[in-house]
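By convention in this document, chain letters (A, B, ...) are assigned in the order of the sequence lines, proteins followed by strands, and residues within each chain are numbered from 1.
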Amino acid sequence: MQKLVQSLKQAVVQAQQTGIFVSTTLPEIVVEHPQNPEHGDYASNLPLKLSRATGIAPLVIAQRLVELMPSMAEVDEVTVAPPGFINFTLRNDWLTEQVELIISKGASYSDINLGKGKRTQLEFVSVNPTGPLHIGHGRGAVIGSTLAKVLVAAGYSVAREYYINDTGSQINAFKRSLYARYQQCLGTAVELPTNGYFGNYLVDLAKEIFREQGDRFIKLPEEEAIQKLGEIGLNRIMEGIKRDLKLLDVNFDVWFSEQSLYRHGQYEKAMALLRDKGYITKKENAVWFVSTALGEDKDNVLVRSDGSPTYFASDIAYHYNKFLERQFDKVINIWGADHQGHVSRMRAVVSALGIDPERLKVIICQLVTLRRGEEIIRVSKRSGDLITLRELMDEVNPDICRFFFLSRSADSQMDFDLELAKKQSVDNPVYYVQYAHARIASILRLAREREINYEQGDVSLLTSEPELTLIRKMVLLPEIVETVANTLEPHHLPYYAQDLATVFHSFYKQCRVISEDKALTRARLKLVRAAQIVLSKTLHLMGMTAPEQM
RNA sequence: GUCCCUGUAGCUCAGUUGGACAGAGCGGCUGCCUUCUAAGCAGCAUGUCGCGCGUUCGAGUCGCGCCAGGGACGCCA
């Protein structure tokens, strides 16, 4: 695709130099896949764009450009189509050579060097350790972990990070709630704090700790007991979160503690920097960040009148650490819809710290509404009335969860219908895709049993329409990787996976692989092996398994 | 009141950054298993792309204004 762009560019420049049409600023050259296969593999609307600037009829421009374009090994036919498109068709022998290429690259096929090793930090999930993960968190977790895999494939160096909010008022409320539940275990009638956590998981947690450690915390001074018990509780919750993430195949390189920002001085340094630059003011007994100086609606509190720093202040220190200490080229944060208001604030801070805000990307994941058929299940952590990610995975396997979460763009709210997810366990796009892989594995198994060596298979025998259609789809994966890495939208992957499975199933029906024709068998086995590589790579990028049999 | 996201087939959603006749899965209806997995294949039906203006050779896509749903506007995180 890049080659086509280059070659078109060359043709335009030459046309301008030879005076066929006047020099104009070059419009962005777009090469895309036409919807209609009759229009070739690639198409460009460049003549239409140039027509406006030059006043020459698009078809004339198209014809001239085609004449001026250097011929390319990949391209068979270049045609001009009204109202002014240039269509390109790939050569069959170039396509079949790709089969060899894919086999020789193996699992590294579709790895590209878009990122050029740029250091990228990807922060996601980062749920407060005050309760178990619920379904909405699963969405961010799956999107984030998939993005990490794709960015790595696209040549970025990626650090996956979970920011643990292990200090602040919510944590305090958690500790006090746990202490109250613990006292209740001993039969003391105490109320939970009004801003406390009412979920049943805290009752269970208190009982668990009581079972293991007895009543020893009750004998401590209250404040000490709250802190000690609280630390144990936080660790337990965190362990649970890590377990759940692991089940979903979500892994992290760094678990970053909010507390550490205060112990290691980032907080002080970040505040000093902002103060030096004049972005900090004191009013009403509190310390404020002057967001309004950067075009925001209102200023934001950094240090409360009681002297405690806000979450916002912590996050500033954290981003100071990300950009100025650890020197990441690019920082991506995946946040829930409830953090939407936080985005422009953080942008303002980043530029206040003297960093190009373009280096900070924030992906906002819209809410997940959980349903069982008609019944809508409200997700509220405080009341404890929630469906945990764990419960979801007890009912629906991780591959289905991942595929389902990935299939919708982060921008749109999604319904997760538990009933449907379970009912569709058979008629399910996940199985449709995995089944294609299992079929391939089955063919290759049979080839092994019959000891068919296809290393010397001649791919030029692959000339039929189903074979070429399959290859055409296979060679798109590198472009998909590029698109996902550029747009940070992993939802293109499941759609590609389905398309690929479709063309494979269709090929499978029409083309018998292992047959009497020895030469064709060897060629098709190569094709099937390459298809397996591409399909399995696609599944792995999504964090899904590629089953050998089903 | 201000800001953000969404509105496309009966349902759930894509639509490659403005292109060629608007797509997929599920659901519905027809056919297809003596040969590598029928969790499959081939085909049929279904649309005022929320509404209205505008920009453009060309709009589901861009701009403005409405309507509807969700979210955010804390010295919570």
Nearest-Å distance once atom [atom1] is located in both [N] and [M]:
N: B:G71; M: B:U55; atom1: C1'; result: 31 Å
N: B:A59; M: B:G52; atom1: C1'; result: 15 Å
N: B:A39; M: B:C33; atom1: P; result: 15 Å
N: B:C4; M: B:G58; atom1: P; result: 30 Å
N: B:C5; M: B:G15; atom1: P; result: 15 Å
N: B:G18; M: B:A77; atom1: P; result: 41 Å
N: B:U61; M: B:U8; atom1: C1'; result: 12 Å
N: B:C3; M: B:C26; atom1: C1'; result: 36 Å

Checklist entry - Between A:Asp411 and A:Pro547, who's closer to the 5' end of RNA chain B by nearest nucleotide? => result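 Residue closer to the 5' terminus by nearest nucleotide: A:Asp411.
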N/O (side chain, [X]) to phosphate O (OP1/OP2, [N]) under 4.0 Å:
X: A:Ser506; N: B:A42; result: yes
X: A:Lys509; N: B:C33; result: no
X: A:Arg408; N: B:U6; result: no
X: A:Tyr495; N: B:U12; result: no
X: A:Ser412; N: B:A14; result: yes
X: A:Arg304; N: B:C76; result: yes
X: A:Ser515; N: B:U35; result: no
X: A:Tyr311; N: B:A77; result: no

Heavy atoms only, 4.0 Å cut-off, all strands: where does [X] land among base, sugar-phosphate and nothing?
X: A:Arg345; answer: base
X: A:Ala441; answer: nothing
X: A:Gln498; answer: sugar-phosphate
X: A:Cys511; answer: base
X: A:Asn36; answer: base
X: A:Glu284; answer: base
X: A:Ala337; answer: sugar-phosphate
X: A:Glu548; answer: base
X: A:Ile514; answer: base
X: A:Tyr508; answer: base
X: A:Asp306; answer: nothing

Whole angstrom is fine here: how far is it from [atom1] in [X] over to [atom2] in [N]?
X: A:Arg139; N: B:C5; atom1: CZ; atom2: C1'; value: 11 Å
X: A:Phe507; N: B:C36; atom1: CZ; atom2: P; value: 15 Å
X: A:Met414; N: B:G25; atom1: CE; atom2: P; value: 19 Å
X: A:Tyr431; N: B:A38; atom1: OH; atom2: C1'; value: 17 Å
X: A:His39; N: B:C21; atom1: NE2; atom2: C1'; value: 9 Å
X: A:Asn195; N: B:C76; atom1: CG; atom2: C1'; value: 9 Å
X: A:Leu59; N: B:C57; atom1: CG; atom2: P; value: 16 Å
X: A:Gln510; N: B:G40; atom1: CD; atom2: C1'; value: 13 Å

Checklist entry - Do the rings of A:Tyr311 and A:His339 sit parallel, tilted or perpendicular, given the 30° and 60° boundaries? => result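 Rings of A:Tyr311 and A:His339: perpendicular, over 60°.
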Any [X] side-chain heavy atom under 4.5 Å of [Y] side chain:
X: A:Leu59; Y: A:Gln63; result: no
X: A:Leu90; Y: A:Glu77; result: no
X: A:Val125; Y: A:Tyr163; result: no
X: A:Leu50; Y: A:Val12; result: yes

Under-3.5 Å N/O pairs linking protein and nucleotides 15-19 of chain B:
unit_1 : atom_1 : unit_2   : atom_2 : d
B:G15  : OP1    : A:His491 : NE2    : 2.7
B:G15  : OP1    : A:His492 : NE2    : 3.4
B:U16  : O4     : A:His33  : O      : 3.2
B:G19  : N7     : A:Asn45  : ND2    : 2.6

Using the side-chain heavy atoms of [X], tell me which of these nucleotides is nearest: [options].
X: A:Ser169; options: B:U2, B:A77, B:G69; result: B:A77
X: A:His505; options: B:C41, B:C76, B:C3; result: B:C41
X: A:Ala286; options: B:A72, B:C5, B:C75; result: B:C75
X: A:Tyr435; options: B:G71, B:C76, B:G40; result: B:G40

Next on the checklist: If you go through the side-chain atoms of A:Asn87, does one of them form a donor-acceptor pair with the base of B:A20 closer than 3.5 Å?
Outcome noted: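 Yes, a donor-acceptor pair under 3.5 Å.
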Next on the checklist: Base of B:C75, side chain of A:Thr310 - is there a donor-acceptor contact under 3.5 Å?
Outcome noted: no
Item to check | Cation-pi, A:Tyr508 ring and A:Arg439 (6.0 angstrom, 45 degrees) | outcome: yes
Would you say the ring centroid of [X] lies under 6.0 angstrom from that of [Y]?
X: A:His39; Y: A:Phe85; value: no
X: A:His342; Y: A:Phe312; value: yes
X: A:Phe256; Y: A:Tyr318; value: yes

[X]-[Y] side chain donor-acceptor pair, cut-off 3.5 Å:
X: A:Glu258; Y: A:Ser314; value: yes
X: A:Asp399; Y: A:Gln434; value: yes
X: A:Asp517; Y: A:Ser515; value: no

Next on the checklist: Taking syn as a glycosidic torsion within 90° of 0 and anything else as anti, which one is B:C33?
Outcome noted: syn
Next on the checklist: Syn or anti for B:U48, given that syn means the glycosidic angle lies within 90° of 0?
Outcome noted: anti
Item to check | Test: A:Glu296 and A:Arg345 ion pair at under 4.0 Å | outcome: no
Checklist entry - Who are the side-chain contact (heavy atoms from CB on, under 4.5 Å) partners of A:Ala438, not counting sequence neighbours? => result A:Met550
Item to check | Where RNA chain B forms stems, i.e. three or more consecutive Watson-Crick or G-U pairs with both distances under 3.5 Å | outcome: B:1-7 with B:67-73, B:10-13 with B:23-26, B:28-32 with B:40-44, B:50-54 with B:62-66
